[in-house]
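Everything on this sheet refers to the single structure shown next.
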Amino acid sequence: MEIMKAITIKPGVKNSIEMRDAPDPARGDDNVKVKVLRVGLCGTDADIYAGEYGEAPPGDDYLILGHENFGVVEETNGNSGLRRGDYVVSTVRRPCGKCLNCQQGEMDFCSSGDYTERGIKGRHGFMAEYYTESPEYLIHIPPALRDVAVLLEPTSIVEKGIDHIYLIQRRISWQPKRALVLGAGPVGLLAAAVLRVRGLETFVAGREPSTDLRAQVAKGLQASYLSVDGMAITDLPGKTGPLDIVIEATGVSSVVFGAMQILAPNGILCLLSVTGGTGVRPEPTDRINQDLVLGNNVVFGSVNANPRHFRKGVEDFQSLEKSYPGVLQKLITSRLPWHDYGQWFGQKRTGIKTTLEISTG
Ligand code: BGC
């Protein structure tokens, strides 16, 4: 058995991260073997590192971390539609095999809860030299996007949310004009980017001052950045005008209740933050209910994404590179050699997106 390096944790055990030897996966007949070039780091990785989330694959007591990924095809057979040297991004979730949604390829809507997710739940991830995968879960990346393709997985989350905003709103004649994104982290800024591609007037609200790089990224997308530290969320429409779409991406659950009160009539709020804590707070429930009912408003949560949302992300990246050249690249504020993973895990995080550089190809 061949051996490779991988970054692993023991799920449920705080600070158990280590770089270790793991079996180099053999390609199986129908699979593709991919050499990992880089992975992105996100809040979910931090939660798994803290022992609050994550599950090892059956039979292993460790999990190879990493779900935001970018790599190059190392080996494939003739039937995969891919060739050695092609760039690829893998999707994250795999079906449970039992529920109707999974059977129809909609595993992001798995209803049994028995799905697996690479690098997160019951399936090894991408912080390793190699992985193997069935071609149906691999998204072919045009070479021009090689520097930004590691942002595709978080973009797929946003693409799904926005896709479903429009699907749900087919309930009425709806011509949205203005959107607000709460949170200026990678997901918030990528949401702003996709909303701009859809032609919406877009606002991004963040805690950071307007001199921060996040504000520059928003400006580079011709979106308006609102520095809102200490401001009540309910005051935001006074600055933006009526809001047809609000996307919540702060990672702070209490923000959601303010966000429910700022929608224009018929407006829709999409919740994207995964918040693992146990916070409890009093909220103005009569007002929230009254606003939602009288406004015919919709509030919905959205997690993970389907392969088609990754493909839509590729299309939007191409439009973004044309309309706002170089802006996506600005989101990647730190590229660490992967041996230096300890500079991110367990540290106070700064910047927008950090990647671990695993191989140069
Ligand atoms: C990932 C999703 C995943 C979710 C819940 C997020 O960080 O981007 O793919 O479904 O965590 O595990």
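Atom set for the values below is all heavy atoms of this structure, side chains included, hydrogens, waters and symmetry mates excluded. Predicted model only: the values in this text are computed from it and were never measured. All residue numbers refer to positions in the sequence shown, counting from 1. Just so you know, ligand 1 is whichever comes first in the structure, and atom 1 is the first atom listed for that ligand.
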- Message: Quick check on contacts: which atoms of ligand 1 are under 4.0 angstrom from a heavy atom of E153?
- Response: 1 (C), 2 (C), 8 (O), 9 (O)
- At a non-hydrogen distance cut-off of under 4.0 Å, which region of V274 contacts ligand 1 (side chain, backbone, both, or neither)? neither
- Can you tell which part of E68 has a heavy atom less than 4.0 Å from ligand 1: side chain, backbone, both or neither? neither
- Task: Would you sort out whether H140 and F310 count as a ring pair (Phe, Tyr, Trp, His ring centres under 6.0 Å), showing the intermediate values?
- Result: CA-CA 10 Å; H140 190 181; F310 284 74; over 10 Å; no
- Task: Working to the nearest 0.5 Å, report the span between NZ of K121 and CZ of R94.
- Result: 13.5 Å
- Task: Look at atom 4 (C) of ligand 1 and find which of D45, V303, T91, D47 reaches it with the closest heavy atom.
- Result: V303
- Query: Which is it for V34 and T132 under the side-chain contact (heavy atoms from CB on, under 4.5 Å) test, yes or no, and what are the steps along the way?
  - Reply: CA-CA 6 Å; V34 179; T132 59; over 6 Å; no
- Query: Atoms of ligand 1 less than 4.0 Å from E117 heavy atoms?
  - Reply: 3 (C), 5 (C), 10 (O), 12 (O)
- Message: Distance under 4.0 Å to a non-hydrogen atom of Y53: what atoms of ligand 1 satisfy this?
- Response: 5 (C), 12 (O)
- Residues in ring pair (Phe, Tyr, Trp, His ring centres under 6.0 Å) contact with F70, at least two apart in sequence or another chain: Y87
- Message: Taking E68 first and then K353, would you say they form a salt bridge - that is, a charged N and a carboxylate O separated by under 4.0 Å?
- Response: yes
- Query: Any idea which heavy atoms bring K14 and A50 closest together, and the distance?
  - Reply: CG-O, 3.4 Å
- Which part of I120 is near ligand 1, with near meaning a heavy atom under 4.0 Å away: side chain, backbone, both or neither? side chain
- Message: Return the closest protein heavy atom for atom 6 (C) of ligand 1 as residue, atom name and distance.
- Response: T44 OG1, 3.5 Å
- Message: My understanding is that only one of V150, V89, L152, V314 makes a side-chain contact (heavy atoms from CB on, under 4.5 Å) with L145; could you say which?
- Response: V314
- Query: Counting only heavy atoms, which portion of K121 has something under 4.0 Å from ligand 1: side chain, backbone, both, or neither?
  - Reply: neither
